[in-house]
Amino acid sequence: ILSYTFTRPIGRLKNAMKQVEAGDFEIQVESKAHDEIGMLIQSFNYMVSRLRQLIMEVYQQKLAQKNAELTALQSTFPLQYIRFYQLDVN
């Protein structure tokens, strides 16, 4: 019974790690323990949460960069010329 108390949380943590490895950054492992295994699970949950946050920040930065590039391109080619070119090609 004592070994089951230790192996069960470690098994849940291992399965959660496999899910993160597969790209699931929404996973969180529940633990009410305050021992070393509980602290390990808390650290894992924090790490996954931080990874999710950083991925979102990078995504938002890239989106802002693409929007800025599009705005710059639109200012280089006024809309009436783009429409004229489209009509002229057809």
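Just the heavy atoms: all of them, side chains too, but no hydrogens, waters or symmetry mates, feed the values below.
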Please tabulate, for the side chains in residues 57-70, all donor-acceptor contacts under 3.5 angstrom to protein atoms that are two or more places apart in sequence or on a different chain.
{"unit_1": "Q65", "atom_1": "NE2", "unit_2": "E69", "atom_2": "OE2", "d": "3.4"}
{"unit_1": "N67", "atom_1": "ND2", "unit_2": "L63", "atom_2": "O", "d": "3.4"}

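For the atom pair CZ (F25) and CD (Q53), the distance works out to 13.5 Å, reported to the nearest 0.5 Å. For the atom pair CE of M56 and CG of L54, the computed distance is 11.5 Å after rounding to the nearest 0.5 Å. One distance of note links CG of L40 with CD1 of I10; it measures 7.5 Å at 0.5 Å rounding.
Residues M17 and L51 share a hydrophobic cluster, clusters being chains of Ile/Leu/Val/Met/Phe/Trp/Tyr side chains in contact below 4.5 Å. Placement of M47 and V20 within a single hydrophobic cluster is found when ILVMFWY residues are connected by side-chain heavy-atom separations under 4.5 Å, directly or transitively.
Of the possible donor and acceptor atoms, none in the side chain of R12 sits under 3.5 Å from a partner among the backbone N and O of S31. Judged by distance alone, with hydrogens and angles left aside, the side-chain atoms of N45 form a donor-acceptor pair with the main-chain N or O of V29 at under 3.5 Å.
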